[in-house]
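In what follows, every chain begins at residue 1, and chains take the letters A, B, ... in the order their sequences are listed.
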2 protein chains.
Amino acid sequence: MTSQSERPEHPEHPEHPERPLRADAERNRAKIMAAAAQVFAAQGLEATLDEVAAAAGVGVGTVYRRFPDKDALIAALFDNAVDEIANLAHAAARRPNSWEALVWFLEEALQRQCSNRGLRDVVVGSTYAVDHMAHAKQRITPSIELLVARAQRDGYLRTDVVGADFPIMEMMISFLGNLTASAAPDLWRRYLTILLDGLVVSRSQPSVLQDFPVDHLVHEALHAEHRRARRAI
Amino acid sequence: MTSQSERPEHPEHPEHPERPLRADAERNRAKIMAAAAQVFAAQGLEATLDEVAAAAGVGVGTVYRRFPDKDALIAALFDNAVDEIANLAHAAARRPNSWEALVWFLEEALQRQCSNRGLRDVVVGSTYAVDHMAHAKQRITPSIELLVARAQRDGYLRTDVVGADFPIMEMMISFLGNLTASAAPDLWRRYLTILLDGLVVSRSQPSVLQDFPVDHLVHEALHAEHRRARRAI
DNA sequence: AGAAAAACGGAGTGCGCTACTCCGGTTAGA
DNA sequence: TCTAACCGGAGTAGCGCACTCCGTTTTTCT
């Protein structure tokens with residue numbers, strides 16, 4: 001990511017990024033990235049950098065020594081996540097059956113999105129990593145377009161949907177996934193199945209739906225969510 | 001709503017709520033409710049009571065004179081919204097065709113939910129009106145259960161879903177609805193159609209999908225959302 | 001080993017934001 | 001006309017969090 005605005009020289013982010021970090025610094029950098037991924041995935045972007053530092057076992061100062069600000073850290077994580085999903089799309093494209101390729105991609109991508117609240121926050125309205133979104137879109141869109149076109153050509157997928165419908169449906173489902181992540185990490189699959197049953201051209205009977213104690217789970221999930229918001233106990 | 005915890009006597013909320021308000025006070029109360037409904041629906045519960053007051057054309061003091069705190073105002077609005085949806089469910093139950101009844105209910109309920117961000121905030125994790133949720137659930141659940149059971153009995157609705165699936169699917173869709181409310185207030189209908197195509201027992205071809213310039217709209221919607229979050233311009 | 005450079009920790013700071021209060025002025029209604 | 005009820009909105013209090021600063025520790029180089 002090239003710095004598009006000449007950032008005022010931060011004392012501890014020298015103009016020679018080539019010089020390798022000291023061993024302990026590099027170790028800490030890795031610990032920070034891992035911890036941040038964990039914390040932001042679990043709590044979303046409102047998580048404090050203090051929390052991230054604590055999870056990484058370092059001080060906040062150390063975090064700020066590696067990343068100029070919260071946004072930079074989040075942007076780095078976001079780029080990683082985008083990479084991963086872009087790779088999934090490519091991998092899917094190499095599958096023989098075009099319907100299974102599409103389904104496989106959706107399942108894999110959603111597995112990531114549903115367990116990553118931070119990802120949702122970036123996509124949906126946070127102020128973080130705003131300028132990385134466009135790049136992510138460019139990166140992923142064409143692959144999805146391809147998967148969709150093939151599934152339609154082969155007569156599996158209804159022809160009145162377009163590539164752009166898929167990110168939307170993914171957002172819908174991953175929203176639910178985030179909500180129920182703690183109570184029932186796989187509940188979203190139930191609704192993906194229903195949605196897929198709505199996306200095939202025709203069918204004579206429903207696909208099998210994974211069973212869940214739905215009523216109970218919803219109660220649990222919302223309760224957990226309310227506790228989360230209350231920020232204590 | 002009975003006050004379940006003996007609230008310390010607020011000077012301006014006397015113990016005789018029977019005494020009618022003065023004419024201007026009553027007028028203002030109505031203006032506040034209307035403005036609050038509007039503002040919270042549009043912006044969600046993070047909207048300030050200052051904003052509500054401004055929209056109502058009164059001072060903040062006036063708002064606090066009628067409602068002990070923000071939570072009370074929100075709770076009152078929430079109860080209204082729940083009433084409305086409960087009535088929809090009852091009305092739906094009186095329709096002759098059980099499938100059309102279910103579809104009608106979903107469309108009407110979602111129309112409300114999709115244009116009301118505050119409603120979502122209450123349901124999903126806000127700290128406001130927490131204790132009103134249980135009541136709302138009791139109020140609405142049985143009616144939905146009935147609509148579902150009938151549609152299943154008549155062979156329209158797949159039998160592996162349960163009543164509790166519907167609030168979940170509604171949440172999924174209304175999440176999207178809130179997101180795209182400004183850019184394309186009806187986009188959610190597209191995905192409801194697909195979902196419904198996944199909920200019928202069988203079908204030989206897809207239902208007609210309302211057409212949208214989806215790619216463009218998503219871009220718009222997310223952009224708008226990011227601006228909203230930035231809180232300026 | 002010893003010195004210089006690099007990195008560390010985490011208490012502290014500043015700031016923005018918002019729920020709520022307070023009181024001098026205004027209005028309804030008898 | 002008189003007073004109790006009501007109004008407005010500037011001000012307050014307090015929190016939460018991004019970020020800084022500096023005394024201390026660790027690495028690395030000769």
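- Between B:Ala81 and B:Leu119, the shortest heavy-atom contact is CB-CD1, 3.8 Å.
- In this entry the distance linking CD of A:Glu26 with C1' of D:dT27 reads 14 Å, nearest Å.
- Of the listed nucleotides (C:dA6, C:dC20, C:dA19), C:dC20 has the atom at the smallest distance from the side chain of B:Asp69.
- In this structure, the CZ atom of A:Arg19 is 17 Å from the P atom of D:dT27, given to the nearest Å.
- Between A:Leu146 and A:Ala93 the shortest heavy-atom distance is CD2-CB, 4.2 Å.
- Residues from residues 116-124 of chain A with heavy atoms under 4.0 angstrom of DNA chain D: there are none.
- Using a 4.5 Å heavy-atom threshold, the side chains of B:Glu51 and B:Gln43 count as touching.
- For A:Ile32 and C:dA7, the CD1 to C1' distance is 11 Å, given to the nearest whole Å.
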For this session: Show your reasoning for whether side-chain contact (heavy atoms from CB on, under 4.5 Å) applies to A:Phe40 and A:Val52.
Result: CA-CA 8 Å; A:Phe40 287 133; A:Val52 171; 4.0 Å; yes
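- Using a 4.0 Å heavy-atom distance criterion, A:Arg27 is classed as a sugar-phosphate-only contact.
- In this structure the side chain of A:Met172 never reaches within 4.5 angstrom of the side chain of A:Tyr191, judged on heavy atoms.
- Straight-line distance from the CZ atom of A:Phe67 to the C1' atom of D:dA18: 16 Å, rounded to whole Å.
- Listed pair B:Asn28 / D:dC6 fails the phosphate criterion, with no side-chain N or O lying under 4.0 Å from OP1 or OP2.
- Nearest nucleotide to the B:Ala25 side chain, out of D:dC7, C:dC8, C:dA5: D:dC7.
- Closest to the side chain of A:Leu21, from the set D:dT27, C:dA19, C:dA7, is C:dA7.
- Between A:Leu73 atom CG and D:dC19 atom C1' the separation is 14 Å, expressed in whole Å.
- As a whole-Å value, the separation of A:Arg66 CZ from C:dG9 C1' is 14 Å.
- A:Asp69 and A:Tyr64 form no side-chain donor-acceptor contact under 3.5 Å, judged by distance and modelled atom types alone.
- Residue A:Tyr64 places its side chain closer to D:dA18 than to any other of D:dA18, D:dT27, D:dC6.
- Closest non-hydrogen pair, A:Asp71 versus A:Ala129, comes out as OD2-N, 2.9 Å.
- Here C:dT21 presents its P atom at 15 Å from NZ of B:Lys70, a figure rounded to the nearest Å.
- With contacts defined as side-chain heavy-atom distances shorter than 4.5 Å, the pair B:Phe166/B:Leu102 qualifies.
- Positionally, the nearest nucleotide of DNA chain C for B:Leu49 lies more toward the 5' end than for the other of B:Ala23 and B:Leu49.
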Seminar exercise, completed: Once base and sugar-phosphate atoms are separated, protein heavy atoms under 4.0 Å mark nucleotides 9-15 of chain D, 5' to 3', with B, S and - as BB-----
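- On a pure distance criterion of 3.5 Å, no polar donor-acceptor pair joins the side chain of A:Arg22 and the base of C:dA7.
- Counting heavy atoms from C-beta outward, A:Leu73 and A:Leu49 have side chains that approach closer than 4.5 Å.
- Comparing B:Asp24 and A:Arg29 along DNA chain C, the residue whose closest nucleotide (by nearest heavy atom) sits nearer the 5' end is A:Arg29.
- With hydrogens and angles ignored, the 3.5 Å screen pairs no side-chain donor or acceptor of A:Arg117 with any backbone N or O of A:Ala42.
- For the pair A:Glu51 CD and D:dG16 P, the computed distance is 12 Å after rounding to whole Å.
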